**Q** 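One structure coming up, written as structure tokens, with questions to follow.
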Amino acid sequence: MGVELTGKVAIVTGCAQGIGEAVAKKLAERGATVVGFDKQGELLEKVMSGISGVPMLVDVTDAEADEKAVQEVYKRYGHVDILANVAGGTVGAGRGVEDLTIEDWHRVVALNLHAPFYMARAVAPIMKAQKWGRIIIIGSGAGRSHSRSRIIPYAAAKAGAHGLMRQLAVELAPFNVLCNVVAPGFVLSPLGVEDWARRSEAEKEMEMSTISVKRLADPMEIANVVAFMASEESSYVVGQTIMTDGGHWML
Ligand SMILES: NC(=O)c1ccc[n+]([C@@H]2O[C@H](COP(=O)([O-])OP(=O)(O)OC[C@H]3O[C@@H](n4cnc5c(N)ncnc54)[C@H](O)[C@@H]3O)[C@@H](O)[C@H]2O)c1
């Protein structure tokens, strides 16, 4: 027995693979109707068909497309209860400060900070009117301390996303729209596997020594926390960054 999401309509961004895929599957398993936004059409369709979800091809960095897609979901179901902003990543910006291009900066900030704002802006009036909502942003340990992959715009954008969430939390909590961040450490998603593989054995050993549980996360371990944060049972958790990092933050 776990958290119950029957009757809820959930939008999950970035769910064609990785953590988003796990979140979509977990929310559906708990009874939610899942609408998945992603820019990888084929993979998205495959994931959604496995959970009887609805795929929508959306580039979440496009504010107008986000607004239009959210309105479509609202028209179809008459409510939107859960927004899980999972789409994000470092999108190839792993360079030191002098080599980082302006384009790198804008690309990473657009995906990790602007997109969650566009999405929240689109769902907020719907959730406020129905007096129930959950907005969850997948943040990162990089947003709380620093990026261990040394990706400057990523750390900056995730820190911004954590701040965005806190501000939304204060503004929307009186309407029973609760906002929180779930912040993973190292997760074995396609992005995480690639990132881990780039490291030398010495680096891996050093990183592992700073993770209390001495292993990387399975995406479903992040999804389990998101499902709780999306449920009625998280009704007194507001404006928090839930570190879901195997005790990485502790060491
Ligand atoms: N993997 C980790 O170790 C880790 C650690 C901390 C935080 N995170 C965060 O978790 C989230 C998910 O990461 P992941 O590891 O599953 O990544 P991933 O790269 O495996 O998957 C990201 C998904 O987002 C989609 N996406 C990317 N840009 C998009 C856009 N513009 N519009 C719509 N969809 C888009 C991709 O198509 C993909 O399906 C990200 O926000 C990431 O920053 C991951």
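Bear in mind the structure is a predicted one, so any value in this text is a computation, not a measurement. Both counts, for ligands and for their atoms, begin at 1 and track the order of listing.
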**Q** Classify the angle between the aromatic ring planes of Phe186 and Trp196 as parallel (below 30°), tilted (30 to 60°) or perpendicular (above 60°).
**A** perpendicular

**Q** State plainly whether the residues Lys75 and Glu72 are in salt-bridge range, i.e. N to O under 4.0 Å.
**A**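 Looking at Lys75 and Glu72, the cut-off is not met.
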
**Q** Tell me the residues surrounding ligand 1, counting only those with a heavy atom closer than 4.0 angstrom, sorted by chain and number.
**A**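 Residues Gly14, Ala16, Gln17, Gly18, Ile19, Asp38, Lys39, Gln40, Val58, Asp59, Val60, Thr61, Val86, Ala87, Gly88, Gly89, Leu111, Asn112, Ile138, Gly139, Ser140, Tyr154, Lys158, Pro184, Gly185, Phe186, Val187, Ser189, Pro190, Leu191, Gly192 each place a heavy atom under 4.0 Å from ligand 1, listed by chain and number.
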
**Q** Starting at CG of Leu44, measure out to CD of Glu21 and round the result to the nearest 0.5 Å.
**A**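 These two atoms lie 10.0 Å from each other.
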
**Q** Less than 4.0 Å between a side-chain N and a carboxylate O, is that true for Lys204 and Glu207?
**A** no

**Q** Side-chain contact, heavy-atom cut-off 4.5 Å: Lys25 with Met220?
**A**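 Touching, per the 4.5 Å side-chain cut-off.
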
**Q** Kindly work out whether a path of hydrophobic side-chain contacts (I/L/V/M/F/W/Y, heavy atoms less than 4.5 Å apart) joins Val238 to Phe175.
**A**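 They do not share one cluster, since no chain of ILVMFWY contacts under 4.5 Å joins Val238 to Phe175.
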
